[in-house]
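In what follows, residues are counted from 1 in the order of the sequence shown.
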Amino acid sequence: MVFLTIANLVRVRGPDEFWRKRRIFRLAAHYIGRRRNCYSIAVRNVHRALVYATKARKLKKQDMIDLWNTRITAACEQHNITQFSLKEGLDRANIMLDRKSLSDLACWEPRTFECLAAVAKEKLQLDGFVNYADKKLPTGTELNLRDVMLEHWLKEEKH
């Protein structure tokens, strides 16, 4: 465009306005009615949706953590051990599994989780750790733990 006067240059909004509005309309494309077609209404609804999306990313992470904890707690109750005792026993046995891994094992590999519960309980007994919340032995105690655990764990002296 060629502007003969500076006044015309100031008045034109140029291509920036087109692309700014286009970005908003693309984000509002799935809305219904004036929320989709009217720019001033579309801006408000798109901004509100973006705020919700930002909050939802944090809430999704927290929901997943809650789900993992629920699954681990339920599996621990099946094997007569608390979640704290399980985590403490696995940490002392140098088995570094996070919540997500333990949750997946509890859901899809219940026998593996049962063995992990038995290993954790055995390691806590070897270390002399007492958790009074655990009333009974875990269900995996009938396993031959000497095959499951490493030999140097069994040779360690109690502290």
Side-chain angles (χ1 to χ4, degrees), residues 20-159:
R20 179 169 42 91
K21 287 184 176 182
R22 180 178 165 85
R23 187 176 66 223
I24 296 295
F25 283 133
R26 284 185 64 201
L27 290 171
H30 63 283
Y31 295 160
I32 297 173
R34 290 178 66 202
R35 295 174 56 192
R36 171 186 181 153
N37 300 324
C38 182
Y39 179 74
S40 60
I41 296 173
V43 167
R44 276 183 271 157
N45 287 284
V46 165
H47 285 193
R48 185 183 308 131
L50 292 175
V51 168
Y52 286 147
T54 303
K55 290 179 183 176
R57 282 195 296 275
K58 290 182 182 177
L59 291 174
K60 180 182 177 184
K61 292 176 182 69
Q62 187 59 45
D63 287 345
M64 292 308 297
I65 289 172
D66 292 343
L67 175 66
W68 297 334
N69 284 337
T70 303
R71 287 177 175 175
I72 293 170
T73 303
C76 286
E77 287 177 2
Q78 286 180 345
H79 301 300
N80 303 322
I81 190 171
T82 61
Q83 185 175 358
F84 174 76
S85 296
L86 175 77
K87 190 67 176 157
E88 182 69 23
L90 292 178
D91 285 344
R92 289 180 182 218
N94 292 326
I95 300 173
M96 302 297 168
L97 293 174
D98 60 351
R99 283 191 197 117
K100 182 181 180 186
S101 302
L102 287 172
S103 165
D104 288 342
L105 288 174
C107 278
W108 306 110
E109 299 285 337
R111 300 267 174 127
T112 305
F113 190 88
E114 180 180 357
C115 293
L116 286 174
V119 167
K121 189 72 168 190
E122 185 70 21
K123 182 61 177 168
L124 290 176
Q125 286 178 353
L126 289 174
D127 287 352
F129 178 83
V130 177
N131 186 1
Y132 294 105
D134 295 334
K135 305 276 192 281
K136 303 178 228 170
L137 293 173
T139 56
T141 53
E142 65 271 3
L143 300 171
N144 187 2
L145 290 178
R146 297 194 184 274
D147 296 337
V148 176
M149 298 178 66
L150 296 174
E151 286 299 320
H152 75 276
W153 291 349
L154 298 173
K155 293 178 184 173
E156 284 181 356
E157 295 179 7
K158 294 182 182 179
H159 300 291

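Considering only residues two or more places apart in sequence or on other chains, Arg26 meets the side-chain contact (heavy atoms from CB on, under 4.5 Å) condition with Arg22. Tyr39 meets the side chain to side chain donor-acceptor pair (under 3.5 Å) test with Arg20; sequence neighbours excluded. Scored by the side-chain contact (heavy atoms from CB on, under 4.5 Å) test, Asp91 finds Lys87, Met96 as partners (sequence neighbours excluded).
Of all heavy-atom pairs spanning Arg92 and Lys123, the tightest one is O-CE, 3.4 Å. Annotation for Ser85 and Ala120: closest pair O-CB, 4.4 Å, computed over non-hydrogen atoms.
Atom-to-atom distance recorded for Cys115:SG and Glu109:CD is 10.5 Å, nearest 0.5 angstrom. The distance from atom CD1 of Ile81 to atom CD of Glu88, rounded to the nearest 0.5 Å, is 10.5 Å. Distance CZ/Phe113 to CG/Leu86: 5.0 Å, rounded to 0.5 Å.
A donor-acceptor contact under 3.5 angstrom links the side chains of Asp98 and Ser101, judged on distance only.
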Show me the donor-acceptor pairs, under 3.5 Å and distance only, between side chains in residues 66-73 and residues at least two apart or in other chains.
| unit_1 | atom_1 | unit_2 | atom_2 | d |
| --- | --- | --- | --- | --- |
| Asp66 | OD1 | Gln62 | NE2 | 3.1 |
| Asn69 | OD1 | Gln83 | NE2 | 3.4 |
| Asn69 | OD1 | Arg99 | NE | 3.2 |
| Asn69 | ND2 | Ile65 | O | 3.4 |
| Thr70 | OG1 | Asp66 | O | 2.8 |
| Thr73 | OG1 | Asn69 | O | 2.7 |
| Thr73 | OG1 | Gln83 | OE1 | 2.8 |

Can you give the donor-acceptor pairs under 3.5 Å from side chains of residues 45-56 to other protein atoms, not counting sequence neighbours?
| unit_1 | atom_1 | unit_2 | atom_2 | d |
| --- | --- | --- | --- | --- |
| Asn45 | OD1 | Arg35 | NE | 3.4 |
| Asn45 | OD1 | Arg48 | NH1 | 3.4 |
| Asn45 | ND2 | Ile41 | O | 2.8 |
| Thr54 | OG1 | Leu50 | O | 2.9 |

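Enclosure of atom CG in Leu59 by more than 12 non-hydrogen atoms of other residues, nucleotides or ligands within 6.0 angstrom is indicated.
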